Amino acid sequence: MQQADPSDSKANWNQRESVLLARYAMHSCDSQGREHPEHEHPYRGPFQRDRDRILHSSAFRRLSGKMQVFTGDMGDYHRTRLTHTHEVASLARTIGRTLRLNEDLIEAMALLHDIGHPPFGHCGEDVLSDCLKHHGGFSHNQFAMDLVTKIEQRYTDYPGLNLTHEVLSGQQFRSDKRNSETQMLEIQVVDAADSIAYDSHDVDDALKLGLLEWRQLDGLELVERAKRSVPLDSIEESLRRPLLVHTLLDLQMGDFLRHSSELLQPVAGLTSQEVCQACIKLQMSPGIEQEKRQLERFLFENVYRHERLVEVRDKAAMRLRQLYKSLAGHPERLPERARNWARSWGDQRAVGAYLAGMTDRFCDEQYLLLVEMGRPCGVDWS
Ligand code: MG
């Protein structure tokens, strides 16, 4: 079989992008490249390669064992961090294709966006942030950067996945939104898809798990809008929930696409960089945005603070904190790889990184073995 010619391949995906993508999209040929230069791949563009590197990383696979909002002992129906990530990627690609943005870049950034979450979701993040407050703090967005630039091992000459500047800068923007005035349209799309996904699927999961009752949704403007497009009250209960979620997604996606298309029309002749400099912000219409904020406040009060979740979170926080104290007090009990990190980052940050990489189940197991049973040494999760 004849080998594909890399130069032909590059010309092919450049040509393909020039036909399919808008001028304001991030074109692969304009990429600033990688920290460690590489030859072009014979049949994949740079952002396709990034997507595949993230997909094949061990940190990505561990998302299947990390909770999104609800824990594994609450059932098998609800989203995990992994299924949430795939839902975000799916919505983001739909937006990207419709607005003629770079779908490969969007998918890579969507698969990356939650990869740095520690066990037990935001409660785990709060614990690590508190434990490390005198040692640089902790944020899942920054830990995602550490994972793909320092911790994941794929190459003999350097650590990390050697992702493109664009994918890393998108994640860096998530890590420090306050200091970033310019943002690629592609990362804005991932942010919007993330928010649309979790607002909708948290309603679904909370209803299914019995944390919410249907009557509590009455009067919420976005739900009332959904009822005006689909007669939800007259549909049998087993179909009502998926139909509500589908309609909530559809309303938000449709509005975001309509409004963003209008915003992009006057700048259709600008490049990706020029659109950033013009501070173009993709968004929903003000009316739907307000209704979405109301739904988010409702979820915060009625779901995220539900007593069943608070109880689960409190117990998980206690276990994670105890595990941190145990290992920070005896860093010699860290597995070998984490002891190597400690030489560069210090004991506390190495313990934090070791804990942040754990799945919920692995964290519980290590708590049992290291704290309750006093086993002398932990094991690596990679
Ligand atoms: Mg997310």
Side-chain angles (χ1 to χ4, degrees), residues 50-51 54-55 57 59-72 77-96 103 105-126 128-129 138-148 163 167-178 180 183-206 245 248-249 252-253 256 282-284 289 292-293 295-297 299-300 303-304 309 313 316 356-360:
D50 283 1
R51 176 204 59 198
I54 296 161
L55 184 67
S57 68
F60 185 81
R61 288 193 296 281
R62 290 198 303 277
L63 293 177
S64 67
K66 298 195 182 207
M67 62 180 268
Q68 173 71 14
V69 174
F70 310 103
T71 57
Y77 176 83
H78 56 269
R79 275 74 177 174
T80 64
R81 194 64 65 178
L82 181 67
T83 61
H84 161 72
T85 296
H86 281 301
E87 290 185 26
V88 171
S90 168
L91 295 177
R93 284 186 53 191
T94 298
I95 297 171
E103 264 185 80
L105 175 58
I106 283 174
E107 189 176 13
M109 293 193 295
L111 296 184
L112 179 61
H113 90 282
D114 267 356
I115 209 169
H117 266 287
F120 307 118
H122 290 284
C123 133
E125 177 154 15
D126 291 343
L128 290 182
S129 177
F138 178 86
S139 90
H140 73 269
N141 282 320
Q142 184 54 46
F143 186 59
M145 293 293 285
D146 291 343
L147 280 167
V148 297
L163 302 176
V167 169
L168 291 177
S169 68
Q171 185 60 34
Q172 191 61 53
F173 157 71
R174 292 181 61 81
S175 160
D176 190 6
K177 289 183 181 178
R178 287 166 306 175
S180 181
Q183 22 179 317
M184 277 180 304
L185 297 174
E186 281 82 356
I187 190 64
Q188 294 187 42
V189 166
V190 174
D191 251 14
D194 186 24
S195 172
I196 291 170
Y198 62 64
D199 281 348
S200 307
H201 67 47
D202 288 350
V203 171
D204 184 11
D205 291 348
V245 176
L248 288 176
L249 285 171
Q252 295 175 82
M253 288 284 283
F256 182 86
L282 302 181
Q283 55 199 341
M284 294 178 183
E289 187 68 44
K292 184 170 159 53
R293 295 284 94 84
L295 175 62
E296 287 174 351
R297 286 194 299 275
L299 288 169
F300 183 77
V303 176
Y304 308 144
L309 273 185
R313 279 202 299 259
M358 292 179 174
T359 60
D360 302 351

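Everything numeric in this text was worked out from a predicted model, so none of it was measured. Residue numbers count from 1 along this sequence. Ligands are counted one by one from 1 in listed order, and the atoms in each one are counted from 1 as well.
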Could you tabulate the donor-acceptor pairs under 3.5 Å formed by side-chain atoms of residues 106-120, not counting sequence neighbours?
residue : atom : partner : partner atom : Å
E107    : OE1  : R51     : NH1          : 3.4
H113    : ND1  : A110    : O            : 2.7
H113    : NE2  : H84     : NE2          : 3.4
H113    : NE2  : D194    : OD1          : 3.3
D114    : OD1  : H117    : NE2          : 3.4
D114    : OD2  : R81     : NH1          : 3.2
D114    : OD2  : H84     : NE2          : 3.3
H117    : NE2  : R81     : NH1          : 3.2
H117    : NE2  : H140    : NE2          : 3.4

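Excluding waters, the protein N/O/S atoms found under 2.8 Å from the Mg ion (ligand 1) are H84 NE2, H113 NE2, D114 OD2, D194 OD1.
Under the rule for a side-chain contact (heavy atoms from CB on, under 4.5 Å), the partners of Q252 that lie at least two apart in sequence or sit in another chain are I196, D199, S200, L222, L248, M284, K292. Not counting sequence neighbours, E125 has no partner by the salt bridge (charged side-chain N to carboxylate O under 4.0 Å, His left out) test.
Checked against a 6.0 Å centroid threshold, the rings of H201 and Y77 do not count as neighbours.
Side-chain contact check for N141 versus M145: every heavy-atom pair is 4.5 Å or farther apart.
Side-chain atoms of T94 come within 3.5 Å of backbone N or O of S90 as a donor-acceptor pair.
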